[in-house]
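This report refers to the structure that appears directly beneath it.
Residue numbers run from 1 in the order of the sequence given. Values in this document were obtained by computation on a predicted structure and should not be read as measured data.
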Amino acid sequence: MGTTHRVYGLKERNIPLSKLFKDIKLINDSLCTGDKKTFYYQFTLKTPELIEQLNSMFEINFHHLNSTFYLSDYDKLLKLFEIAPNGQRFSFSNKLEKNAIRNYLHYWLEIEQSKLSVTVVPSITEDFLQMKKELIEIFETVNTQRLINLENDELITLVNNLIDTNLIPDGMFSYKSNGVVFSASADLIPKDSNQIRPSGIKLKFDEDYIKLNGGIVNASKQLYEGLNNVFDKSKYKIEGSISFAYDTEVYNILSKMDFLDFNIYAYIDLNRNLNFTDDYLELTSINGGRITVDNFDWKNSEPNYLDNRIYLELNNPNEYEFQIEVSKQINEEYYFNIELLIDKELEYLGME
């Protein structure tokens, strides 16, 4: 909001989250006005089971079930392919366990609205012959399994073009063969390098390819298993995200996955779920969250632009950041109304 608002926090420290939540609700009900006012709680869940418990009590909006996850067992991921056709987006990549920086050869597979693509991400190296060698080995392996269909000379020429034409600024190359579009562009200059190169080599599979390979589920599984023949599974884990409409079938599959890590992003409209209390906030804020009252006017204040905000950022139930924003055009003493209501002193934090 630039420097258009005065920002306040609480002078008193270590106020229990339960009391602070009640104060926010009290301010929302008593001082926040306007027909566009929103009062949302966004949070992250770590287990599919907690969805069922909360979903039976409140109107939880997942948009779609947007989640990130980690898996060490490659075979378990095959179960997720079964619900891929119903999804908005499903993507994942293989990640080396011990490497924080992804400067090594890996892939990223994506299913979106029944469309299928895979991006091969080359290792970060100044040795472009090595990049070509890695790419050739991958293409030869999946070619042998008939996941792509290229003659040997065609394959070598394709790899050379994908790399060589993208070592200059604004480079771009695309080639289609038997239902697969191979493409790359000069879009990456790695740190500590002055040489541009493609960040990834994308393979996009058309509708005819998907039909010939048994539909999106079978085609995805075949491609996934083919890539597993290129990479040593014992060195990698799976990292990915899914976006699905929430239903019982999705829940039953997710609850049996034994994820290494799993995050479900959701939000609740607290103006509509009046039965949501601080007890449930304590339950759901374990992994962090955010509460906002937004797009409102302060009662009995002028001017009224619906541009004020209350913000609570939760790292966990015991660690949070709380701020109240009041338009600088409103009487500077308005904050006394808030102090009187919640019986707590505010401190001025500056302008934003």
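Aromatic rings of F81 and Y224 (six-membered ring for Trp) have centroids within the 6.0 Å cut-off, being under it.
Counting all heavy atoms, side chain and backbone alike, K25 lies closest to F276 at NZ-O, 3.3 Å. Closest approach of N94 to R102, counting heavy atoms only: O-NH1, 4.2 Å. Of all the heavy atoms in S174 and V181, the pair that sits closest is OG-CG1, 3.6 Å. Across all non-hydrogen atoms, the minimal contact from L346 to K11 is O-CE, 3.5 Å. The two residues Y305 and P303 make their nearest non-hydrogen contact at CE1-CG, 3.5 Å.
If you check the side chains of N287 and T44, you find no donor sitting under 3.5 Å from an acceptor. With no hydrogens or angles considered, a side-chain donor-acceptor pair links Y311 and E313 at under 3.5 Å. Side-chain polar atoms of S193 and E126 form a donor-acceptor pair below 3.5 angstrom. Checking Y175 against E154 by side-chain atom types alone, a donor-acceptor pair falls below 3.5 Å. In this structure, a donor-acceptor pair under 3.5 Å is present between the side chains of Y41 and T284. Side-chain atoms of S18 and E282 form no donor-acceptor pair, as typed in the model, at a separation below 3.5 Å. One side chain, K37 or N28, offers a donor N or O that lies under 3.5 Å from an acceptor on the other.
For E12 and K344, the salt-bridge test fails: no basic side-chain N is under 4.0 Å from an acidic carboxylate O. Note on R13 versus E347: salt bridge recorded, some NZ/NE/NH1/NH2 to OD/OE distance being below 4.0 Å. A salt bridge links D206 to K176: at least one charged side-chain nitrogen sits closer than 4.0 Å to a carboxylate oxygen. Checked for salt-bridge contact, E321 and R290 miss the test: no charged N lies under 4.0 Å from a carboxylate O. K221 and E225 are not joined by a salt bridge, as no carboxylate oxygen comes within less than 4.0 angstrom of a charged side-chain nitrogen.
Residues forming a ring-ring contact (aromatic ring centres under 6.0 Å, His included) with F296 (at least two apart in sequence, or on another chain): W298.
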Test log, rule side chain to side chain donor-acceptor pair (under 3.5 Å), inputs E134 and S123: CA-CA 9 Å; E134 293 173 344; S123 57; 2.9 Å; yes

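A distance of 13.0 Å separates OG1 of T292 from CD of Q323, quoted to the nearest 0.5 Å.
Using a 4.5 Å heavy-atom cutoff, the side chains of Y40 and I268 are not in contact. Side chains of F173 and I163 form no contact here, defined as non-hydrogen atoms less than 4.5 Å apart.
Evaluated for a side-chain contact (heavy atoms from CB on, under 4.5 Å) with I324, the options I27, L312, L349 yield exactly one hit, I27.
When atom types are taken as modelled, the side chain of R6 and the backbone of K328 share a donor-acceptor pair closer than 3.5 angstrom.
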